[in-house]
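Have a look at the structure below, then the notes.
For ligands, and for the atoms within them, numbers begin at 1 and follow the listed sequence.
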Amino acid sequence: MTTSGKKTSSTKVNSNPIGIFDSGLGGLTVTKRIFELLPSENVVYFGDTARYPYGPRSKNIIRRFSFQNVNFLLTQRVKFIVVACNTASALALKELKQNFDQPMIGVVEPGAKAAVKTTRNGKIGVIGTVGTVHSNAYQKSIHRLDRRLKVYSLPCPLFVSLAEEGYIKKKATYIIAWEYLRPLIKKGVDTLVLGCTHYPLLKNVISQTMGKEVKLIDSAEETAKEVKIFLERNELLRESNKPSFRSFFVSDIPDRFVEVGERFLKGKITRLKRINIEGY
Ligand code: DGL
């Protein structure tokens with residue numbers, strides 16, 4: 001395991017895959033958007049299912065895990081890395097960028113950028129894991145773009161389990177959403193950032209609870225757009241008529257991984273392999 005000093009030179013090879021990592025299967029919501037927008041790209045996904053969840057963990061642990069995840073993706077000769085986990089983006093992306101040459105992007109900045117463009121009344125809500133919210137990463141990102149905006153952030157940890165359980169239309173989910181989101185409604189936010197990989201699955205409940213005049217920002221969707229822009233600008237898009245390959249790696253294969261993962265991905269998970277992440 002290396003948490004510093006390990007650098008790998010970036011080689012501009014278009015057919016090399018995009019590497020994506022997340023704490024588990026949540027990053028498949030980001031992967032889904034990347035598949036939609038960049039269907040001819042090769043993709044390698046790593047989900048750190050053995051050490052999931054990242055949301056309640058400390059900064060140091062998340063950094064250590066993230067460094068290992070990047071080390072693994074580099075063995076797959078990825079040309080670009082997407083830190084699909086909001087918590088890892090919030091707590092480790094800066095250090096990753098300082099220590100690896102490989103170009104990479106997190107999900108926080110694209111979401112923050114879209115929120116700044118969207119708000120009309122200058123009041124933005126952000127929901128995410130405890131780690132993401134306590135890091136203030138979204139707030140800092142939003143304020144880098146416009147200091148005058150008001151940002152109200154709240155952790156909604158139960159949304160993660162509800163999304164995984166497929167509780168996307170249940171009464172219980174509406175009750176929990178109301179409890180969590182009421183303070184943001186009171187603040188009068190007109191834009192709400194879904195700052196967690198799992199929340200796009202609960203879009204309908206969240207939107208109905210907030211009211212349809214509140215615009216929801218899906219960080220997954222915004223990140224995929226940024227990935228496309230980056231690859232285009234840097235002439236890194238894969239140009240081939242051959243079908244693309246998609247590989248999925250995990251650090252553990254829990255029961256129901258494929259079933260739940262396919263719900264997040266809205267597609268088939270084939271080529272699933274377990275690796276020992278502690279070795280990286
Ligand atoms: N992937 C995490 C995130 O987006 C949510 C799940 C976890 O806590 O690991 O923050």
inquiry  = Contact between ligand 1 and Gly128 is defined here as a heavy atom of the residue under 4.0 Å from a ligand atom; is it met?
reply    = no
task = Around atom 10 (O) of ligand 1, find the nearest protein heavy atom and jot down its residue, atom name and distance.
result = Thr87 OG1, 2.6 Å
Against heavy atoms of [X], which atoms of ligand 1 measure under 4.0 Å?
X      : value
Cys196 : 3 (C), 4 (O), 5 (C)
Ser23  : 1 (N), 2 (C), 6 (C), 7 (C), 9 (O)
Thr129 : 5 (C), 8 (O), 10 (O)
Gly55  : 7 (C), 8 (O), 9 (O)

query = Once the angle between the rings of Phe230 and Phe80 is folded into 0 to 90°, is it parallel (under 30°), tilted (30 to 60°) or perpendicular (over 60°)?
reply = parallel
ask   = Is the Phe248 ring parallel, tilted or perpendicular to the Tyr45 ring (thresholds 30°, 60°)?
value = tilted
request  = Compare every heavy atom of Cys85 with every heavy atom of Asp22, then report the nearest pair and how far apart it is.
outcome  = OD1-CB, 3.0 Å
remark   = Counting heavy atoms under 4.0 Å, the part of Asp22 that contacts ligand 1 is side chain
request  = Identify the residue among Leu96, Asn69, Leu74, Ile18 that makes a side-chain contact (heavy atoms from CB on, under 4.5 Å) with Ile81.
outcome  = Leu74
query = Rounded to the nearest 0.5 Å, what separation is found between the CG atom of Leu192 and the OH atom of Tyr152?
reply = 13.5 Å
message = If you define the side chain from C-beta out and look only at heavy atoms, does anything of Arg246 sit under 4.5 Å from Arg271?
response = no
ask   = For atom 6 (C) of ligand 1, which of Tyr52, Tyr199, Tyr54 has the closest heavy atom?
value = Tyr52
